[in-house]
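These values consider heavy atoms only, across backbone and side chains, with no hydrogens, waters or symmetry-generated copies.
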Amino acid sequence: MDPPLLLLLRLLWLHTLSAFSAASAASHHNCNSPLLSTLPQSSFRSSSDASFSHAAHNAKLNTKDGAGGWSPAVTDREPWLQVDLRDRMEVTAVATQGRYDSSDWVSSYLLLYSDTGQAWKQFRQEDGVARFVGNVNSEPVVQNKLSYSMRTRFLRFVPLDWNPGGWISFRVEVYGCSYKSDVADFDGRSSLLYRFNQKSMSTVKDVISLRFKSRQAEGVLLHGEGQRGDYITLELHRGKLALYLNLDDTRLRFSSGRVAVTVGSLLDDQHWHSVIIERFNKQVNLTVDYHTQHFQTKGEGDSLEVDYELSFGGIPLPGKPGTFLRKNFHGCIENLYYNGINIIDLAKRRKPQIYSVGNVTFSCSQPQLTACTFLSSSSSFLSVPAAAPSSIMGGFSVRFQFRTWNPDGLLLSARLSPEPRRLQLQISNSRLLLTLHSSATQREEATAGHRVNDGLWHSVSLDTRSLRISLTLDNEPASTTEQWEQLEPRGSFYFGGCPPAGCQKPTLSFQGCMRLISINSQPINLSHIQQGLLGNYNELQFDTCSIRDRCIPNFCEHGGRCVQSWSSFSCDCSGTGYSGATCHNSIYESSCEAYQLTGSSSGFYSIDPDGSGPLGPAQVYCNMTEGKVWTIVSHNVTAAVRVQGSSLQKPHVMMFNYSSSARQLRAIVTASDQCQQEVVYTCRKSRLFNTKDGRPLSWWVDQGGERRSYWGGFLPGVQQCSCSLEENCIDMNYFCNCDADTDAVTNDTGILSYKDHLPLSHIVIGDTNRTGSEAVYRVGPLRCYGDKSIWNAVSFYQESSYLHFPNLQAELASDISFYFKTNAPSGVFLENRGHKDFIRVELSSPSVVTFSFDVGNGPAVLAVKSHLPLNDRQWHYVRAERNVKEASLQVDQLPVRFLEAPPDGHHRLRLNGQLFVGGTASQQRGFLGCIRTLTANGVTFDLEERAKTAPGVSSGCPGYCGGSSSLCHNRGRCIEKSSGYACDCSQSAYGGPTCKDEVSVSFDRESSVTFTFQEPFSVMQNRSSQASSVSRGSSSSSRAREDVAFSFVTSQSPAMLLTVSTFSQHYIAVILARNGSLQIWYHLQRDGSPDVFNPTLSSMADGRLHRIRIHREGKHLYIQIDQNMDRKYTLSSDAELILIRSLTLGKVTSGNFPEEVVGAGSKGFIGCLSSVQFNHVAPLKAALLNRGSSLVTVRGPLVQSNCGVLADSITSHNLQDQSATTNKDKGQRSSETQSDVAVIAGVVTAVVFISLCIVAVVTRFLYQWRSRTSDSSVTEKEQRHSMKTGYRTELHLHSSIRDNMKEYYI
């Protein structure tokens, strides 16, 4: 059976099995009955009652008894209403009302649950939202169905918001049904053994399900193994569930490299968690609390063979060969099923298949470990009065347990006697730090542990008795400090933080959970503190640990690493090739065509053909020297292959492995206009087809695995070669030269060009087994050109017209980008709606683009306003992105607007309608104009194809700038004119009519060009205004980005090429060192050392033209030198380069630079610089076009030149000089070389000057002639005026331009 088909059948079996199990459970009974109506008054409790008539027992739904509902006392700091269901029940929904005939109701609340009524846990819906929507008035019932049912006995309703014109009041109902279970309690030294009837049990499919709650973070739940090497182990490890599973792989049997599949987190919270393991052959689903991990197990076999028995709760025989020691499980397990067998039921009935080891009981003991949660990082604290000394030795001892995600926070502080001593225990840089302050200047410190912010419970013991301070963390050795006198506490101990007057130097408060607090061996009763009977507190939540793992599930895409704190998470995108808050955006261009439009030259590049999609970047070679831009993908067989001795029974088979994956190749081919692959094929007495029946004797296999028997140059499906198409076969009786079967070498070389079949994956040769028979072939790389997406455009000319596509797949993350041009004042670009959720991008006014959406937290709106109208009939770029961290909107090069997502809000955008482009479902507010290059999540929409059947929409876009050819190059912007077009090169380092002419300048030792970005006050004012209008999160540094590109020719070293300096003493410097090698300096931290990179050790001061391109994304630095050298480096900081003061080319005489950079700066630069670009700034163009600008400072001589000509002349001179001076002595060589250099320099200068004069004369003549014969001179004048005025405008507006965009045309 075909492997993909077999895999599909296996997955269908698993899905069917899961669906059947869920359906069976759901259909077992109707689980939505009201559960509170029959409960006695004693089942209702509350934190307080406003009066007897407002008591908790009046909180039943629709009741009019008493005051008609429950209300807490006005002084209640943390009100709650609690319900005891009298037994564990399955709960599926809850409902609320306000107080009868009143203005008292709750508009939002939390729902907590507990088996004991002491240790509570927040219920969260599947998307992590804990807040339930309540009422908007007193009478209507608002029901909230749970996204999954929970089994519990106690429920607690905690009001969050209520009617501002009234007070808190609840009437509630709970819906569900009874719940029965078989429970076993394991004490950490016990287990249950299920023994098979035969020696071993071999299964190809397994279903194991159970529910557990644990008191520890470690423990084995299930274990079994066989002598063949099979094993299965399910265990808790560091609070996560790990499954080890291997099928018939003896290599792993005795190794220590067993790999686990890990699911879940914080599973040691003393609450129930469900587990289901479903296996069919090698395909496995592991589900923990409704989060499923799909994987394929290791090993060669399809069956799991376990000998003798399965053990549950531990491994009872640690001496068994091949096992690895683990801690036994300590907690409760219920409803344990192994392939339909109820293991606990068999154990309760003492069936012979079950053997009990140790003390296993069949009721779950209830622990009394209650915790409290410190909610605020600035104001939470718990104060407890100091107890009496613990012994005659004096001193004190404090013990407690904590868990947190934060790397910093105050755990404990106390004032000591004698004054002014005080003691602080805090988490600092993920370690415990104990500080004893003896005076204002003297202190002693001790540290313990590392990574204590891992979310696990940690035990801390602090003891000051016996004239020493002892700090113990978990089971580590104690850190001890000797003292000269006994320390005694004064006043209170402060846990987690301090009140405003409690600490001399306020520090960051602790955010996390604490439990088992004791002072001098006396446990602290947290209930007494909550009731006001002991101590004091602020911003605390009692009886629950509200820690949450924000990295489960992992919202970081493309392999990004999730890093979390108590209240948020961030994504580390290092090494992924992606950037952004959730590693959603590719840092690479999507095609070679896109690289060419940014001004890049031929070379090796990483392209990401599906952008933010799942494929990842592919390494290709971009050939930009021909008329077309070719994308070239190589494979592993580059040399010619000679084949002899093959037959149809034993054919020669060659497989080609490409530098890109099959899916990447398919994406590259699909996105290209044309693709081809050359097959060079020569033969002697070796046929391609059988002359009798036409059966192929040789063939090739396409990327989809299909056999193809047509050869280069001919059409698919026809077994012929190119000579038949060209009618030049050596024997016209055959369709291929090789089929003539001659003793002479013949050739059937051709080019495969039907792109749906490319690239070639295998070649099979089957007729070289006769005497003198042979074939020689060579398969070239895959070559493609054209980017179909760039100019896929449509025109909307009716307001009611639109295109519709399937709904966006945008639950957790989506990005949408496109270009538009219009003269209409407003219109909807696109819209997609769900039941309540929606997403929309529109031109809301002539100068404002709006991005709005709703994921369940209420409508959110981002708007970007342009200082110039956007309905100017020119192309404008729009990119909108939304993920679980933030939303952003970018328009052209205007500042990007950001909006942070609420940390505990809804995440999933649920859309079920169609995507409407150019309009809405209501056919109102439609867009009039052109849209092109519409891409969502890396998928380009074929607008032109869909427009063929849509009324009011046509393919393409009228105008010169709407064609598929790139009229303006190197970031030049195409401007529509009434009788033609012009290229705005203001954002390009190039000039000329189409932005292709290099702007080159010759420097001498004293020359320099300085581009000043802004005055300090203006920069800071602009930066602060941006900060005030842009919401930034912890991931803002990941937006740091620079793009630097330039060419140069020199024979001098050391030399200063380029420096960028800021008002905050940061800088970038690009120099040639003393040996001529390139050095790149990045200094992004004021107190840190600069990062220095040497991408090449060879000298670049060789008189040749070199092209340098530097690109930074956060910490990642990408350097390209010429066409064949790419380097990637990692910086020590990902800080954004803000408050940029100036950019200087050539000599630098001031600045806070290291000695080596200062030395290069003082030497200046002698040579030619060309096409210099820094983000949106082209300083050489600015120097030539804006000599009088206050932003451009030119020192020393500066002459417009041509670096390419100069490099050629220097290279030519060097070659001639070497040949002419081979046999001369050293002195003569030196003298003649100096003389020749002077002569050549004079000749070059004269040639350049004469050439410029000729060009000027010819240009003047042509200009006058065109003025007399054509109106096209208007276009040329408008173009020149646009270039100069546009660039001057850019000089004044550039401080507001963001650099982190991918705009290729503007």
Side-chain angles (χ1 to χ4, degrees), residues 124 126-129 265 291 293 405 548-588 590 606 608 610-617 808-817 832 837 839 841 851-857 860 862 879-890 896-911 935-939 1030-1041 1112-1116 1134 1136 1298 1300-1302:
R124 294 182 179 273
E126 280 187 342
D127 57 0
V129 176
S265 179
H291 295 291
Q293 181 90 5
W405 296 117
R548 175 185 174 193
D549 194 331
R550 297 179 184 272
C551 291
I552 302 291
N554 185 3
F555 293 121
C556 303
E557 303 176 61
H558 301 109
R561 187 173 67 89
C562 182
V563 181
Q564 64 182 315
S565 65
W566 182 265
S567 56
S568 66
F569 76 93
S570 60
C571 295
D572 181 0
C573 307
S574 302
T576 64
Y578 295 84
S579 64
T582 59
C583 309
H584 181 76
N585 307 315
S586 178
I587 64 175
Y588 304 107
S590 60
S606 291
D608 201 330
D610 71 336
S612 59
L615 294 184
L808 285 172
Q809 301 301 309
E811 271 204 348
L812 296 174
S814 61
D815 67 279
I816 302 167
S817 62
N832 203 166
D837 299 358
I839 186 170
V841 184
F851 173 38
S852 54
F853 59 91
D854 189 351
V855 298
N857 305 315
L862 276 167
R879 185 180 189 278
E881 180 185 351
R882 188 208 72 86
N883 54 57
V884 298
K885 288 284 291 180
E886 65 184 17
S888 64
L889 177 62
Q890 173 186 345
V896 183
R897 294 300 302 266
F898 294 92
L899 179 66
E900 283 192 358
D904 294 313
H906 293 273
H907 294 317
R908 298 182 184 274
L909 179 65
R910 304 181 189 275
L911 305 174
T935 303
N937 290 337
V939 177
V1030 176
S1031 179
R1032 298 182 175 274
S1034 60
S1035 61
S1036 62
S1037 61
S1038 66
R1039 303 189 185 106
R1041 174 172 179 163
R1112 178 169 82 104
E1113 282 278 355
K1115 280 190 174 183
H1116 305 298
D1134 61 355
E1136 195 169 359
R1298 295 283 297 185
N1300 59 345
M1301 65 171 302
K1302 291 186 178 178

Side chain to side chain contact (heavy atoms under 4.5 Å, CB included), that's the test. Do F555 and L812 meet it? Break it down for me.
CA-CA 8 Å; F555 293 121; L812 296 174; 3.7 Å; yes
Report the C-alpha separation of S612 and D815 in whole Å, then their side-chain angles, then the decisive distance to 0.1 Å, and conclude whether the side-chain hydrogen bond (donor to acceptor under 3.5 Å, both in side chains) test is met.
CA-CA 8 Å; S612 59; D815 67 279; 2.5 Å; yes
Would you please test K1115 and D1134 for salt bridge (charged side-chain N to carboxylate O under 4.0 Å, His left out) and show each step?
CA-CA 4 Å; K1115 280 190 174 183; D1134 61 355; 5.9 Å; no
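For S265, the side chain to side chain donor-acceptor pair (under 3.5 Å) partners at least two apart in sequence or on another chain are D549. In terms of the ring-ring contact (aromatic ring centres under 6.0 Å, His included) criterion, H584 has no residue partners (sequence neighbours excluded). By the side chain to side chain donor-acceptor pair (under 3.5 Å) test, H906 is found to be paired with D127, residues two or more places apart in sequence or in another chain being considered. Under the side chain to side chain contact (heavy atoms under 4.5 Å, CB included) criterion, C583 pairs with C571, C573, Y578, not counting sequence neighbours. Checked against salt bridge (charged side-chain N to carboxylate O under 4.0 Å, His left out), R124 has no partners two or more places apart in sequence or in another chain. Under the side chain to side chain contact (heavy atoms under 4.5 Å, CB included) criterion, P903 pairs with R550, sequence neighbours left out. Legend: residues meeting salt bridge (charged side-chain N to carboxylate O under 4.0 Å, His left out) with E811, ordered by chain and number and at least two apart, are R908, R910. Legend: residues meeting side chain to side chain donor-acceptor pair (under 3.5 Å) with S817, ordered by chain and number and at least two apart, are absent. Under the salt bridge (charged side-chain N to carboxylate O under 4.0 Å, His left out) criterion, D837 pairs with no residue, sequence neighbours left out. Residues meeting the side chain to side chain donor-acceptor pair (under 3.5 Å) test with R548, sequence neighbours left out: D904. Residues satisfying the side chain to side chain contact (heavy atoms under 4.5 Å, CB included) test with Q809, not counting sequence neighbours, are N807. In this structure A887 satisfies the side chain to side chain contact (heavy atoms under 4.5 Å, CB included) test together with F851, F853, L862, R882, sequence neighbours excluded.
Contact between N832 and L808 at its shortest, heavy atoms only, is OD1-N, 2.8 Å. Nearest heavy-atom pair across G616 and D610 is N-OD1, 4.1 Å. Residue V896 comes nearest to S888 through the heavy atom pair CG1-CB, 4.1 Å, listed as atom of the first residue, atom of the second, then distance. Between G613 and H558, the closest heavy-atom pair is O-NE2, 2.7 Å. Taking every heavy atom of both residues into account, N937 and S814 meet most closely at OD1-CA, 3.0 Å. A880 approaches L889 most closely through the heavy-atom pair CB-CD1, 4.1 Å.
C551 pairs with C562 as a disulfide, the SG atoms being under 2.5 Å apart.
Put simply, the side chain of S574 does not reach to within 4.5 Å of the side chain of R561, judged on heavy atoms. The shortest distance between side-chain heavy atoms of R879 and E881 falls below 4.5 Å.
Here CG of L909 is found 5.5 Å from CD1 of I839. Values are rounded to the nearest 0.5 Å. In this structure, CG in D608 is found 7.5 Å from CG in L615, a value given to the nearest 0.5 Å.
Because its NZ or CZ atom is not both nearer than 6.0 Å to the ring centre of F898 and within 45° of the ring axis, K885 does not count as a cation-pi partner of that residue.
Partner F569 forms a side-chain contact (heavy atoms from CB on, under 4.5 Å) with one of V563, N554, V884 and no other, that one being V884.
Not one N or O on the side chain of N585 forms a donor-acceptor pair closer than 3.5 Å with the backbone of G580.
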